[in-house]
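One structure below.
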Amino acid sequence: MSVSDRLRYAREKANLTLADVRNHTSIGESSLSDFENSKREPKLSQLQMLANLYNRSLSFLLDDVEIAGEVVLWRERPTEGAEQIEGRFLRLCEQYHNLEVWNNSVTRPVLLEADGDVKQFGYNQTQELAYNVRKLLGLGNTPSSELLRVLEEYCGIKVFHESFEPTGTAASTKHMNYGAAILLNSRNVRWRRNYDLAHELFHLLTWKLFRTGNENTSVIASEWEEKLANCFASNLLMPSESISIIFGHYEKDGNIPIEACFDIARLFDVSVKAVLWRWHVLSNRGKDRIGETEKEIDRAKALSHILEQRTNTDPLDLPDRYRALAVESLSHGDMSTGRFADYLGISRRKAMDYLEQEAEKIEEAEPARF
Amino acid sequence: MKKLNLLVFDANIVIILHELEIWDKAVKSCDIYLSGTVIDLEAKYWEDNDGIRHPINLSNCINQSEIRRFDLDASAINVFRHKYGAMYIEKLDPGETESLAFLFREKDKFSICSSDAIVYRLLGAEFERERGLSLEEILIHIGLQRNLPYQYTKEFRERYSDQGFREGFQGSAF
């Protein structure tokens with residue numbers, strides 16, 4: 001693929017018209033058209049402007065190989081700005097991967113991938129997968145507290161947070177070059193994000209099973225797949241061995257008091273809604289009593305301002321490991337100041353200050369590396 | 001005092017000279033070349049001690065030929081990219097990529113001034129360390145010596161040029 005083809009590809013994937021690009025850059029439509037039709041070459045400054053707008057690296061626009069498939073799986077794709085969100089997400093994945101390579105720190109994923117026949121994959125297989133993942137990763141009886149850290153540090157899954165609507169959605173991707181990644185909504189409270197993380201993990205583990213045939217750049221999971229993902233998340237975060245004991249302790253006349261649901265939710269750091277659905281399944285309430293469970297959920301929602309005692313913690317804007325790798329790259333002279341600024345989303349001035357601090361440390365240190 | 005000729009500055013140098021309020025003096029004492037990417041995208045403002053941003057407008061300097069602008073097109077950058085790899089392009093500021101590609105392409109012996117170790121490493125690896133010049137050395141030459149942070153010093157430049165030289169010699173640079 002030529003530069004001109006890649007420019008057109010990147011613009012269309014960003015869902016931008018030539019007029020949109022003109023409005024965001026100082027590049028006229030006729031020039032843009034000439035670039036995309038190989039009539040004229042862009043200057044590097046123009047190419048970089050377009051790369052910034054399209055959320056692409058310069059290397060991407062200059063590369064001449066076929067573009068690797070870019071599939072971002074959404075639970076519910078945002079109606080506005082989805083292309084920009086996906087672009088930023090994939091760009092962050094690429095940057096994280098670059099940092100790992102520069103620091104010889106590419107994590108080999110430790111993950112169980114589900115295989116077999118997708119038609120045979122149901123609730124039993126999902127429960128078994130959740131059990132095996134929990135054991136393999138040593139997540140214990142309350143996995144929420146460790147899940148994010150373990151997935152990032154040991155499984156090589158890149159987890160990012162961004163603010164978008166609707167809040168009830170999240171996304172995942174498995175890229176040929178950059179590996180597996182999850183995008184969570186920073187607007188959600190922590191216990192909701194825990195559940196979304198486990199839910200998206202299911203999609204990554206079953207990627208080969210469900211992502212088959214023709215793929216668009218964005219894919220919406222089927223209703224069935226979503227049900228399985230919820231089943232996985234529930235089983236992973238509220239293991240039946242441990243939560244059954246807790247339920248048994250609180251159960252009275254076939255119900256769990258609403259106040260106890262908040263205590264259990266806090267213990268497993270999931271939502272009260274998730275706890276109530278878990279109780280619904282483990283107590284074998286069945287389809288006939290779905291309405292009853294839904295009423296309990298509504299009641300819990302109405303009482304949450306009194307009974308919800310947890311304090312939310314905002315997610316990091318960038319993973320700790322990502323930041324650490326970027327600082328390492330800068331301090332080893334493996335990355336320029338401007339790139340460091342881009343990668344951390346900070347001003348060049350702040351990046352120059354960072355470099356000054358790192359350079360002082362190098363000046364004071366013995367030249368052991370040399 | 002002889003004017004320093006054929007100097008390419010990267011964005012950090014342009015910014016720091018404005019912060020030190022000696023940009024105008026530097027321009028009069030040096031023959032400065034700036035890449036289009038540095039001018040259009042990277043050296044856009046400097047910050048004072050209160051964190052207030054002041055725009056950098058280089059158009060007057062360009063119009064009066066006090067500094068010279070150069071632009072490279074995509075195919076020229078691709079030559080650089082094919083030689084050093086896509087990862088190197090990603091590590092460098094685009095302005096540095098354009099500046100280094102220009103430096104290596106031009107028959108005239110330009111020098112480059114930067115505060116980024118990776119620039120000097122590349123020069124060292126290409127056995128062209130003499131084409132790097134730190135800001136400290138430039139300011140001494142033009143009589144504007146200052147105490148500067150380490151990354152602007154001759155010692156910093158030499159340190160990373162040495163590293164690059166060893167990497168080039170061992171074949172581990174790229």
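Letters go in sequence order (proteins before strands), and every chain restarts at 1.
Chain A forms more heavy-atom pairs under 4.5 Å with one residue of Asp93(B), Val38(B), Thr153(B) than with any other, namely Asp93(B). Ranked by heavy-atom pairs shorter than 4.5 Å toward chain A, the options Thr97(B), Asp40(B), Asn78(B) are led by Asn78(B). Among Val3(A), Asn98(A), Leu58(A), the residue making the largest number of heavy-atom pairs under 4.5 Å with chain B is Asn98(A). For the options Asp334(A), Asp64(A), Asp63(A), heavy-atom pairs under 4.5 Å to chain B are most numerous at Asp334(A). The candidate from Arg348(A), Gln46(A), Met352(A), Met49(A) with the greatest count of non-hydrogen atom pairs under 4.5 Å with chain B is Arg348(A). Between chain A and the options Gly36(B), Pro94(B), Ala11(B), heavy-atom pairs under 4.5 Å are most frequent for Pro94(B). Most heavy-atom pairs under 4.5 Å with chain A, from the set Arg81(B), Glu98(B), Glu19(B): that is Arg81(B). With chain B as the partner, the residue from Arg349(A), Glu94(A), Met335(A), Gln95(A) showing the most heavy-atom pairs under 4.5 Å is Arg349(A). Comparing Lys91(B), Arg53(B), Lys44(B) by how many heavy-atom pairs each has under 4.5 Å with chain A, the most go to Lys91(B). Note: Asp71(B) leads Val119(B), Asp71(B), Asp162(B) in heavy-atom pairs under 4.5 Å with chain A. Listed options Gly333(A), Ser336(A), Ser347(A) were ranked by heavy-atom pairs under 4.5 angstrom with chain B; first place goes to Ser336(A).
Contacts between Tyr120(B) and chain A at a heavy-atom distance below 4.5 Å are absent for every atom of the residue. Only the backbone of Leu72(B) comes within less than 4.5 Å of a heavy atom in chain A; its side chain stays farther off. Using a 4.5 Å cut-off between heavy atoms, Tyr88(B) does not touch chain A at all. With a 4.5 angstrom heavy-atom cutoff, Ile15(B) touches chain A only via side-chain atoms. For Leu355(A), the parts sitting under 4.5 Å from any heavy atom of chain B are the backbone and the side chain alike. With a 4.5 angstrom heavy-atom cutoff, Asp342(A) does not touch chain B via any of its atoms. Only the side chain of Tyr343(A) comes within contact range of chain B, judged by heavy atoms closer than 4.5 Å. Interface remark: Ser329(A) contributes no atoms to any contact with chain B (heavy atom separation under 4.5 Å).
Side-chain contact annotation: Asn37(A) with Ser33(A), donor-acceptor N/O pair under 3.5 Å present. Checked by atom type, the side-chain pair Ser45(A)/Thr37(B) shows no donor-acceptor distance below 3.5 Å. Between the side chains of Ser31(A) and Arg40(A), at least one donor-acceptor pair of N or O atoms lies under 3.5 Å. Counted by atom type alone, Glu356(A) and Tyr150(B) present zero donor-acceptor pairs between their side chains at under 3.5 Å. Judged purely by distance below 3.5 Å, without hydrogens or angles, the side chains of Thr337(A) and Asn12(B) pair a donor atom with an acceptor atom. Between the side chains of Glu41(A) and Ser75(B), a donor-acceptor pair is found at a separation under 3.5 Å. With hydrogens and angles left out, the side-chain atoms of Ser115(B) and Gln151(B) include no donor and acceptor closer than 3.5 Å. For the residue pair His54(B)/Asp48(B), the side-chain donor-acceptor check at 3.5 Å is satisfied. Judged by distance alone, the side chains of Tyr84(B) and Glu126(B) do bring a donor and an acceptor atom under 3.5 Å apart. No donor-acceptor contact under 3.5 angstrom links the side chains of Ser57(A) and Ser59(A), judged on distance only. Gln48(A) and Asn52(A) form a side-chain donor-acceptor contact under 3.5 Å, judged by distance and modelled atom types alone.
Here the straight-line distance linking atom CD of Glu96(B) with atom CZ of Arg339(A) works out to 9.5 Å at 0.5 Å rounding.
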